[in-house]
Novice: 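After the structure tokens below, expect a handful of questions from me.
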2 protein chains.
Amino acid sequence: MPSFPATSQRLTDRKRSAIIEAAIDEFRLSGYETTSMDRIAARAGVSKRTVYNHFPSKEVLFAEILHHLWQAISGGEELAYRADRPLRDQLLELIAQKFRLLNDEAFVSLARVAIAAGIHSPERAHDMVARMSEREEGLTVWIRAAAAAGRLKTNDPVFASHQLQGLIKGFAFWPQITLAQPPLDAAAQKQVAETAVDMFLAYYAL
Amino acid sequence: MPSFPATSQRLTDRKRSAIIEAAIDEFRLSGYETTSMDRIAARAGVSKRTVYNHFPSKEVLFAEILHHLWQAISGGEELAYRADRPLRDQLLELIAQKFRLLNDEAFVSLARVAIAAGIHSPERAHDMVARMSEREEGLTVWIRAAAAAGRLKTNDPVFASHQLQGLIKGFAFWPQITLAQPPLDAAAQKQVAETAVDMFLAYYAL
DNA sequence: CATAAACTACACTGTACAGTGTACATATCT
DNA sequence: AGATATGTACACTGTACAGTGTAGTTTATG
């Protein structure tokens, strides 16, 4: 029976976690270029050599972190279209789900780091945003179903979905990413969500 | 009578312009951190020392460029609300004006550079986007006037204006900035503009 | 043409940083 | 307790880059 030190696993695992956490903080704070491996090591309370024993290069460490943050936010339970409930209620629930993501510290971190790093690295940006837009599929699927059921008048669900998201993200995503603004408070979220949905339905509902 | 070399002004002016142009290209291509003064000098066809004779530091050169690009896009002729024309036409014209800005290479460059540089420098980001949002005032003013004239039902013109812009920027700004996507073609612009305006009016028009 | 201003080549300083090699220490496992 | 895996301190290489100093050349101007 291993008498491991109270809180957690093997030393090497704790070190590894500390490095990843420190790296997330540093990259988030300073971006990829201006973050040094020495600072990451220092913040992690770990020797620089240990960082390199775990991760062969800064690039790899960075990729690991993107992967790590990605895991942290992968919990999207698709909401299916239902004929027996008002469109408005269903849309509000879909938006609420989106807000949970947008309020998620991990998600915003990921987005900030990814966009900051990717803005001058097309292939990485492409990969990143491609994966992010997968998370936007749910809404499109719902709209397509509602249209097929004859409750919405659109033959371009992807476009309509982007519109609705534009109405949300303009308030609750881009300002937070580019200006590091705090997430919307509950009242603002309510206003943004309800007005967006009502505007959307005013145009698309049959 | 000075026999100046055909095309333009004094040598020093041409050098200065060459430096600024080269710096715009480089910063746009690689961001602030990863662009070196040596590369700028090389691209400008100028000795490094000359760069420093014109601009005391990289910081200053960068600021100069932001200022320079800012000048290049400052030609916004505010469109005033008019009681004698349909709302839809006026809004479409406002949007068209916005698209002219969004299609402007200089504007997109500025935005990309500014956002990339500012994403980890809150004060600069703040300053930058504050100035950018001045350019969005026109739409807000128009909406306020239309509401005062009893043609739109909103008591929050700023919010409404942001909504309409969200419907545009989600297609024609953010993808271009963060993914370096090409500007929308004419057909797409038409679709985005018309659908946005129609959706907006479906909700707000009296 | 003389003079001042601007440009150039180039060598140089200082710093920051990615990444490595090593000798020694500490933890983990059997 | 002894063997093995990990971590640490630290010195070091090589590179990239901001910024400077200088001596000499080119360009404009009275």
Side-chain angles (χ1 to χ4, degrees), chain A residues 1-27 29-65 116-117 120-121 124, chain B residues 1-27 29-66 113 116-117 120-121 124:
Chain A
M1 187 167 278
S3 67
F4 50 72
T7 46
S8 66
Q9 315 139 325
R10 310 204 311 291
L11 173 68
T12 179
D13 295 332
R14 277 179 289 133
K15 293 289 178 181
R16 197 169 214 279
S17 302
I19 292 167
I20 289 179
E21 260 181 58
I24 289 174
D25 289 348
E26 288 294 335
F27 283 134
L29 213 63
S30 319
Y32 179 77
E33 310 292 353
T34 46
T35 291
S36 77
M37 294 296 259
D38 293 81
R39 283 229 314 283
I40 292 174
R43 178 182 284 245
V46 145
S47 89
K48 183 183 184 176
R49 206 61 182 78
T50 299
V51 174
Y52 277 98
N53 285 341
H54 280 281
F55 306 96
S57 74
K58 192 180 175 184
E59 268 293 318
V60 169
L61 175 55
F62 186 69
E64 184 69 22
I65 274 170
H120 290 301
S121 161
R124 184 148 48 202
Chain B
M1 185 164 280
S3 66
F4 50 73
T7 46
S8 66
Q9 313 140 327
R10 307 204 315 290
L11 172 69
T12 178
D13 294 332
R14 276 179 289 133
K15 293 288 180 182
R16 196 171 216 276
S17 302
I19 292 166
I20 289 178
E21 260 181 58
I24 289 175
D25 288 348
E26 288 292 336
F27 282 133
L29 216 60
S30 321
Y32 180 77
E33 309 293 352
T34 46
T35 291
S36 77
M37 294 296 260
D38 293 80
R39 282 227 315 280
I40 291 174
R43 178 182 284 244
V46 146
S47 88
K48 183 183 183 176
R49 207 59 181 82
T50 299
V51 175
Y52 276 99
N53 286 342
H54 281 280
F55 307 96
S57 75
K58 192 180 176 185
E59 268 292 319
V60 170
L61 175 56
F62 186 69
E64 184 70 20
I65 274 170
L66 253 35
V113 171
H120 290 301
S121 158
R124 184 148 47 203

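We name chains A, B, ... by the order of the sequence lines, and we start the count at 1 in each one. Because the structure is predicted, anything quoted here is derived from the model rather than measured.
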Novice: Mapping T12(B) and S57(A) onto DNA chain C by nearest heavy atom, which one lands closer to the 5' end?
Specialist: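 Taking each residue's closest nucleotide, the earlier one in sequence belongs to T12(B).
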Novice: OP1 or OP2 of dT6(D) sitting under 4.0 Å from any side-chain N/O of H54(A)?
Specialist: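 Answer is no, no contact under 4.0 Å.
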Novice: Specify the separation, in whole Å, of atom CZ of R49(A) and atom P of dG19(C).
Specialist: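 Interatomic distance, CZ of R49(A) to P of dG19(C): 11 Å.
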Novice: Side-chain donor or acceptor of K48(A) under 3.5 Å from a matching atom on the base of dG19(C)?
Specialist: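 Checked by distance alone, the answer is yes.
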Novice: Starting at atom CZ of F55(A), determine the distance to atom C1' of dA18(C), rounded to an integer number of angstrom.
Specialist: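 Spelled out: CZ on F55(A) to C1' on dA18(C) is 16 Å.
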Novice: Using atom CG of N53(B) as one end and atom C1' of dC10(C) as the other, report the distance to the nearest whole Å.
Specialist: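 Between C1' of dC10(C) and CG of N53(B): 15 Å.
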Novice: Kindly give the heavy-atom pair with the smallest separation between E26(B) and R43(B), and that separation in Å.
Specialist: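 Taking every non-hydrogen atom into account, OE2-NE, 2.8 Å.
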Novice: For R10(B) and dA5(C), give me the distance from atom CZ to atom P, rounded to whole Å.
Specialist: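 That distance rounds to 12 Å.
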Novice: Tell me the interatomic distance from Y52(B), atom OH, to dC12(C), atom C1', rounded to whole angstroms.
Specialist: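 Result: 14 Å.
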Novice: Can you find a side-chain donor-acceptor pair between Y32(B) and E59(B) that sits under 3.5 Å?
Specialist: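 Yes.
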Novice: Please check the phosphate of dT8(C) (OP1 and OP2 only) for any side-chain N or O of K15(B) closer than 4.0 Å.
Specialist: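 For dT8(C), OP1 or OP2 has a side-chain N or O of K15(B) closer than 4.0 Å.
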Novice: What is the distance, to the nearest angstrom, from the CD atom on E26(A) to the P atom on dC17(C)?
Specialist: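 From E26(A) CD to dC17(C) P: 11 Å.
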Novice: Roughly how many Å is it from CD in E33(B) to C1' in dA16(D), rounded to a whole number?
Specialist: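 Those two atoms, CD and C1', are 14 Å apart.
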Novice: Does a nitrogen or oxygen in the side chain of K58(B) sit under 4.0 Å from OP1 or OP2 of dA18(D)?
Specialist: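 So the side chain of K58(B) is within the cut-off, an N or O lying under 4.0 Å from OP1 or OP2 of dA18(D).
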Novice: What pair of heavy atoms forms the shortest contact from E64(A) to I20(A), and how long is it?
Specialist: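 Taking every non-hydrogen atom into account, CG-CD1, 4.3 Å.
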Novice: D13(B) CG to dA28(D) C1': how many Å, rounded?
Specialist: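 One finds 12 Å between C1' of dA28(D) and CG of D13(B), rounded.
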Novice: Return whichever of R39(B) or L11(B) has its heavy-atom-nearest nucleotide of DNA chain D closer to the 5' end.
Specialist: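 Result: R39(B).
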Novice: Determine, for R16(B) against D13(B), whether the closest basic-nitrogen to carboxylate-oxygen distance falls under 4.0 angstrom.
Specialist: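 Between D13(B) and R16(B) there is no salt bridge, as every charged N stays at least 4.0 Å from the carboxylate O atoms.
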Novice: Does S30(A) form a side-chain contact (heavy atoms from CB on, under 4.5 Å) with R39(A)? I'd like the steps, not just the answer.
Specialist: CA-CA 11 Å; S30(A) 319; R39(A) 283 229 314 283; 3.2 Å; yes
Novice: Of S47(A) and S36(B), whose closest DNA chain D nucleotide lies nearer the 5' terminus?
Specialist: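 Whichever sits nearer the 5' end wins; that is S47(A).
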